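Here's the structure we're looking at; comments come further down.
Worth saying up front: this structure is predicted, and the values here are computed from it rather than measured.
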Amino acid sequence: MTHRREFLKATTAGLFGISLLPVRNKLRLKVQRQVKPLVISTWDFGIQANAAAWAILQNGGRALDAVEAGVRVPEADPNIQTIGLGGLPDRDGHVTLDACIMDEHGNAGAVACLEHIVHAISVARKVMEKTPHVMLVGEGALQFALSQGFPKQNLLTPSSEKAWKEWLKTAHYHPVINIENQLSPAHHDSTYSSHHPGDSFNHDTIGMLAIDQQGNLSGACTTSGLAFKMHGRVGDSPIIGAGLFVDNEVGAATATGVGEANMRICGTHTVVELMRQGHHPEEACRLALERLVKKQPDYARSIQLAFLAVDKNGTIGAYALQKGFTYAVYTPDIPNRLMESKSIY
Ligand code: ASP
């Protein structure tokens, strides 16, 4: 697992010195200098991922290539137990991956519940570029990946297998009732929960957003999902509009945290639409979270959900339900630093 690097607690609004733009002041938006290239990504492992993305961006490469290369870094790291190789398995011991990618033209590709392939993000990109579809799941996604030459391998590392076997000792697995207990706000019961507020062990996705030197945006999102989830469970991360949304005219957003909460509010699409209305990215992230808080306050208090966003000008914003959400920022002025977002609780 990545160690914490230099840690900067700052609000992005203050840091980037850009105030909320009134909707009517579109003119000012147009003359604002665009920060580029730029890459941002979720959690501490974003630092290494950003470095790989930056290598492409600084040479004039495309944002799409940068985000794919960036998130492949944690996907390949067996010590990161929440993404790709070494991800914690579901309740039945299967490591199943979810990922999606989106480019500046509004093209999107995704895979869900994909087994045996390390680089789910690259399979998602192939879905986008080589098929008429947006998402492939399960066995179909695996067959497609194999047809594209991706190597098949065992993703369950000895330490993730050990963690799963430990979990099995206390897990009360009742397929019907526990689905509801684990995932429904109405029946939320921490006994069956595989997550805790602020807990970064059981769930942590990498979501990455980039702007290239041409000023184009792309994003990528990849995860092994909630640890010890039910077999077949798909979270928010591969869902366009939940785990990731990119609109080249407006901005982009990505998410991490309990996917079920995010899917209910189409979180990243909501964040981008709020930016379109003129909200600063940080405020857009907060307003999206407040939709959940308003409808399901007890549930929202008991989980983590965080958004990270950037607008077309390169203004960055983030917000989380709980404290402890970190994200990595790499711009011409900020050489890869870890920040912590504000939080509602
Ligand atoms: N959003 C992911 C999921 O629900 C997990 C995470 O981001 O921690 O699968």
Side-chain angles (χ1 to χ4, degrees), residues 1 43 74-75 77-100 110-118 120 123 135-143 145 152-206 221-239 242-243 255-264 299 302-305:
M1 182 62 93
W43 302 112
E75 277 186 340
D77 187 340
N79 297 316
I80 295 175
Q81 290 184 295
T82 54
I83 301 165
L85 179 65
L88 289 168
D90 64 19
R91 294 175 174 199
D92 300 335
H94 302 270
V95 180
T96 66
L97 306 181
D98 295 341
C100 73
V111 289
C113 211
L114 173 66
E115 293 186 59
H116 308 302
I117 307 288
V118 173
V123 184
M135 178 182 272
L136 294 177
V137 306
E139 188 58 28
L142 175 61
Q143 290 313 322
K152 184 173 182 179
Q153 68 184 87
N154 176 21
L155 304 184
L156 188 63
T157 53
S159 63
S160 286
E161 186 171 10
K162 193 165 164 237
W164 169 57
K165 288 192 170 148
E166 266 313 300
W167 179 83
L168 279 179
K169 285 182 193 162
T170 53
H172 300 269
Y173 182 42
H174 304 293
V176 178
I177 193 89
N178 279 0
I179 305 168
E180 290 159 9
N181 278 344
Q182 184 176 1
L183 302 178
S184 161
H187 303 100
H188 189 68
D189 176 347
S190 60
T191 313
Y192 298 110
S193 194
S194 62
H195 51 76
H196 304 280
D199 180 347
S200 63
F201 175 72
N202 281 333
H203 63 84
D204 272 3
T205 294
I206 186 154
C221 187
T222 179
T223 189
S224 53
L226 296 185
F228 319 130
K229 60 196 173 185
M230 295 198 64
H231 184 57
R233 180 264 186 188
V234 171
D236 59 329
S237 306
I239 308 293
T256 181
V258 176
E260 284 71 12
N262 186 22
M263 289 155 93
R264 290 187 186 106
Y299 179 57
S302 72
I303 58 156
Q304 177 62 299
L305 178 62

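Applying the side chain to side chain contact (heavy atoms under 4.5 Å, CB included) test to Glu166 and every residue at least two apart in sequence or in another chain returns Lys169. In terms of the salt bridge (Lys or Arg N to Asp or Glu O under 4.0 Å) criterion, Lys162 has no residue partners (sequence neighbours excluded). For Asp90, the side-chain hydrogen bond (donor to acceptor under 3.5 Å, both in side chains) partners two or more places apart in sequence, or in a different chain, are His231. With sequence neighbours excluded, the residues forming a side-chain hydrogen bond (donor to acceptor under 3.5 Å, both in side chains) with Ser160 are Gln81, Thr157, listed by chain and number. In terms of the side-chain hydrogen bond (donor to acceptor under 3.5 Å, both in side chains) criterion, Ser224 has no residue partners (sequence neighbours excluded). Looking at residues two or more places apart in sequence or on another chain, you find a side chain to side chain contact (heavy atoms under 4.5 Å, CB included) between Ala145 and Ile117, Val123, Phe150. Under the side chain to side chain contact (heavy atoms under 4.5 Å, CB included) criterion, Ala141 pairs with Val111, Leu114, Leu136, not counting sequence neighbours. Scanning for salt bridge (Lys or Arg N to Asp or Glu O under 4.0 Å) contacts around Glu161 gives Lys165, with sequence neighbours left out.
Here the closest non-hydrogen pair linking Pro238 and Ala110 is O-CB, 3.3 Å. Between Arg91 and Leu168, the closest heavy-atom pair is O-CD2, 3.9 Å. Minimum heavy-atom separation, Leu142 to Glu115: CD1-O, 3.3 Å. Here the closest heavy-atom approach between residue Trp164 and residue Phe228 is recorded as CA-CE2, 3.6 Å. The minimum heavy-atom distance linking Trp43 with Thr256 is given by the pair NE1-OG1, 2.9 Å.
The SG atom of Cys113 sits 7.0 Å away from the CG atom of Asp98 when rounded to the nearest 0.5 Å. A distance of 13.0 Å separates CD1 of Ile83 from CG of Leu155, quoted to the nearest 0.5 Å. Remark: Ile80 CD1 to Leu88 CG distance equals 12.0 Å, nearest 0.5 Å. Glu75 contributes atom CD, which lies 7.0 Å from atom CG of Leu97 (distance to the nearest 0.5 angstrom). For the atom pair Ser237 OG and Asn262 CG, the distance stands at 8.0 Å (nearest 0.5 Å).
Under 3.5 Å, the side chains of Thr205 and Thr223 contain a donor-acceptor pair of N or O atoms.
Looking at heavy atoms from C-beta onward, His94 lies out of side-chain contact with Leu156 at the 4.5 angstrom threshold. Counting heavy atoms from C-beta outward, Leu305 and Val258 have side chains that stay 4.5 Å or more apart.
Classification of Arg233 and Glu260 as a salt-bridged pair holds, one side-chain N sitting under 4.0 Å from a carboxylate O.
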